[in-house]
Every structure is written in C-alpha cells, then in structure tokens.
Amino acid sequence: MLAIGVAVHLATMIIAVQGGLSAADILGRTRHSASWATFYGVFVLAVAIHAPIGLRTIIAEWLGWRGRSADAACVAIALLLLALGWRAVYAVTR
Amino acid sequence: MSMDRSADASLDVRVSRSGGGNAPAHQQSFTVPRQPSQTVLDVVTYIQRRLDPSLAYRFACRVGMCGSCAMTVNGKPRWTCRTHVADVARDGRLDIAPLANLPVVRDLVTDMREFFDKWARAKGQFAGTATRHDDFARVAPTSEARRAVDEAIECIGCGICYAACDVVAWNRAYLGPAALNRAWTLVNDVRDAASRERLAAVAGDAGCHSCHTQGSCTVRCPKKLSPTASIAGLKRAATRAMLKGSL
Amino acid sequence: MTTLTARWRNRSHPAYWAFLVHRLSGIALLVFLPLHFSVLAQALAGETSLDGFLAWTRQPWVKVSEIVLVLLLAAHFTGGLRLLFSEFSGWQREVHAVMIAATAGISVFCALAFALNLL
C-alpha cells in the first residue's frame, strides 16, 4: 500500500513542479478535492505507521534504547506525524 | 593483485593482545620473515614459537577443514590457514585480531559458547521420528527442498559469519547467520519433525526478521554459503506460518 | 582492536551500501517530514502565506535540497521494493547485485526527472 502511495506521490511531484510552483497551482488542484484528500489521508496514515517502526529498530540498534520507553517514544512520533500530516491534508483540501 | 614485494624480506605484524574478559586490548608489534606461500596462520605460529611463547591462539587442521583458526585479518574475518599473506598484506603490514562479536578469552582466542548457544536456541538440531525398525527415508536430491538444504548444509561452525554481522554487534539477542542458516536446512528437511517449534524459535525479534540483508555473512563465508538467502527463506516461511495462523 | 578503516573494510560491498543508503535515507526522510507537513499547513493561513513561503523555496540551495530529497525518497522506496522482492521471491546472488544496481539507477532517474522539471 505504501509502495503505491509513494509511487503516486513521486510521480505527482515530478509532474507538478513543471513550470514552477505557486500556491494557486497547488491549491487549485487540491482544494475541495475528495480524491486528493482521501489519497493523501491514507498516505499519511501509512507513513505514520511505517516510519516509527523503522525508527524503533534504529534506536534499538544504534542507541541501545529498547523497552517500554523506546516504544512509547515511537508511538509518540507516530501520533505527531499523524497530527501534522492530517493537518496539512486538511489545509490544502478544505 | 599483490605487488611484488619479494624485495621486502619481512612483515610488520600487529597482533592484538589482551588478558581476556573486560581487559582492554593493546597491539604488539612483531617483525616476521616472509616466506613463499606463507599463510597468516604460519605467521601467527612463527610468532608464538620463535618470538613470544605467551601468545594464545587457536588452530587445528591447518588445511581449511575445521574452521578453528578464524581471526580478524586487516579488518576482515578469515580462516588464517587459507589466507595467503601475499593476498592481504598491504605494504608488508598485517593486523591480526580475534574474531569480532565474541568475548575474548585471551589474545586471539574467543569464547564461542554464545555462538553455539544461539545455534541451540534456534533449534538447530535435527529432530527425527523414525526408528531403526523403519525403512530409510526417501528424499529426492533434486527436490526443491533438498536442494535448499544442500546449498546451506556445509557449514562447519567457524563463526566468521557471526563475526562479520553488524546486527550481531548491535543486537545482543540476535541469533546470528550461522544458527539461522542451520535452522533453514532443518526447516527444509522433510524427515524433521520439529518445524513448528523451530519456526517459532527463529521468528521473533532475535530471529530472522532482525536481519537487514547487509550480506557481510555471505561475502565472508569461506564455504561460499549464503546465510542471507537462508534467512530470507526463513522470513518467507515464518510469514507464511503467521498468516496461516500456525505460528 | 581494529582501526576505523579496518572496520570499514569488512563493510565495503554493495549489499552493505544498499543497507546504509536505505537506513540513512529513512532517517533523513523522517526528520524532513514534520517540516514538510508544517509548510503545507501554511495554507491554513491563506494562499498568500503559502505563496510567500514558496517564493523562498526558489533559492538554489533549497532547490538542490529538494532534488536530494526526491533522490532519497526514490532510493528508500526502490530499496524497500528490492528487499520485499528478494525476501519473497526466493534468491539468487547474481540477481541481487543486479537489483541493487537497478534500484540505484531508478532513484537517480527519478531525481533527474524531478530536477529537470524543477529547474
């Protein structure tokens, strides 16, 4: 699922930046768009789950930080990404 | 690719010395005369017999069959009896240290207990059900399962892959490439009866899913095995079992 | 006791570099994400606010960073696909080397496509 999300996002970015990027360009595309909102809403969710899982392994292996506090930190980051991400999605699609 | 250094009649050898346990290691320098077809094991033996009898090191067969002589040579874990000085000595320099990721008993000798304990924890032993009264098992050597076993079965437990693996260094509980490789051969052994317990043993945080496919084990294995491939197989088997709910 | 360079000698092979790229790109992307989200959320303050920010992004170093970020995302993404493929499809050592090369190539291609459109 993430793979499709990333592929679409990458392609979109490559196409979108053609000819310069302005707020009107972006928002013109995304405002009031249920499909973009859904796509990016799901994308953000997937990333918010995926990234902290990777982070958990890295902090365990490279910082030696394991156990409940490490897990809690990762959950916190997941929630942070979710909050910021959905706020951004709302900001451009409302 | 080694330059012709026959003009250099001697080697500058740095050997890691330590009292073992938590004692810090220090380097001791020796000058060793070069010989044709000299191996690193020859060098270590010369040092212990002629220069410093207190040097502790391990070897047995000298001919690349037992794996006892594995050490870190210029940063890479190797069989010293099969490592020609001409291939590895840069500018006549050799750095010799014990195998990484294992406690040091003394100097170049490591304590391999944890290596074999993990082998046991990965359920690396065959569990049979047949008795002497049963007929021989028939296993087709060309079957996919048996070919998978044959590609991984030649491991002699030398510990080089374990020393080469960063995940072993970063995650003390990680079972390691050799133990997991052996588990894979047993998972594919149609005569073995302990598959479920074995998959459960290798599927946790300390098991196959901690492998990051760095591939150092495969690059360094003197028997040209691929623990990376075996562990990938375990990941598949474990995932399948999990999805089927049989884990 | 091995020296720093000696330690890295054991890690000088493609599969290890692929691992390192995957891990480091993941960390970089994770660090970048909150910034990215915050920027977009500027739109909450209105179009002109977002436009103002976008004008700032036309500076060369920002553009270069954006290209690098696309490269990192493409590298992380293709590396992940490579891992999924090699773990689930069975394994051949020869194929693996090719796949690492292919993922590197595709990542560079994506970054270049982005760069060409951006500049």
Side-chain angles (χ1 to χ4, degrees), chain B residues 14-18 24-28 71-78 88 90 93-100 104 144 147-148 151 160 163-167 169 184 208-209 211-220 224-240, chain C residues 1-31 33 71-108:
Chain B
R14 315 258 170 112
V15 178
S16 173
R17 307 294 307 266
S18 76
H26 65 273
Q27 306 272 46
Q28 190 178 358
M71 301 178 206
T72 307
V73 180
N74 287 356
K76 301 190 192 185
R78 302 174 181 271
V88 294
R90 299 155 180 274
R93 247 293 279 282
L94 269 186
D95 280 298
I96 306 180
L99 274 186
V104 177
E144 207 186 303
R147 268 193 275 128
E151 273 163 18
I160 278 181
C165 178
D166 269 346
V167 182
W184 173 242
C208 60
H209 292 303
C211 164
H212 294 310
T213 320
Q214 291 169 342
S216 298
C217 54
T218 303
V219 165
R220 301 257 41 103
K224 303 281 182 273
L225 305 178
S226 177
T228 317
S230 302
I231 295 173
L234 284 176
K235 289 178 183 174
R236 280 198 298 283
T239 310
R240 239 181 278 132
Chain C
M1 223 161 52
T2 47
T3 63
L4 187 64
T5 44
R7 274 204 292 270
W8 280 102
R9 265 184 231 132
N10 189 30
R11 300 181 173 94
S12 319
H13 56 266
Y16 197 89
W17 302 327
F19 156 76
L20 212 53
V21 164
H22 198 236
R23 179 164 281 197
L24 295 177
S25 64
I27 295 173
L29 290 165
L30 178 62
V31 167
L33 266 182
L71 179 67
L72 291 177
L73 180 61
H76 193 76
F77 168 57
T78 49
L81 287 180
R82 169 187 62 91
L83 281 176
L84 287 172
F85 171 77
S86 60
E87 287 172 13
F88 285 100
S89 74
W91 183 280
Q92 288 137 37
R93 298 187 214 201
E94 304 77 20
V95 170
H96 190 223
V98 165
M99 288 194 50
I100 293 178
T103 56
I106 294 173
S107 308
V108 171

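Note on naming: letters A, B, ... go to the chains in the order of the sequence lines (proteins, then strands), and numbering restarts at 1 for each one.
Using a 4.5 Å cut-off between heavy atoms, B:R220 contacts chain C through its side chain alone, with no backbone atom that close. In this structure, the portion of B:T239 lying under 4.5 Å from any heavy atom of chain C is its side chain and not its backbone. Contact of B:R90 with chain C is made through the side chain alone, with heavy-atom distances under 4.5 Å. Contacts between C:L20 and chain B at a heavy-atom distance below 4.5 Å are absent for every atom of the residue.
Residues C:R23 and B:H212 form a side-chain contact, since some pair of their non-hydrogen atoms from C-beta on lies under 4.5 Å apart. Considering only heavy atoms from C-beta on, B:M71 stays 4.5 Å or farther from B:P98 through its side chain. No side-chain heavy atom of B:V167 sits less than 4.5 Å from a side-chain heavy atom of B:C211.
Taking both residues in full, the closest heavy atoms of C:S25 and C:H76 are given as OG-ND1, 3.1 Å, listed atom of the first, atom of the second, then distance.
When each of B:D166, B:V104, B:L234 is checked for heavy-atom pairs under 4.5 Å with chain C, B:D166 comes out on top.
Here B:H26 contributes atom NE2 and B:S18 contributes atom OG; the two are 8.5 Å apart, rounded to the nearest 0.5 Å.
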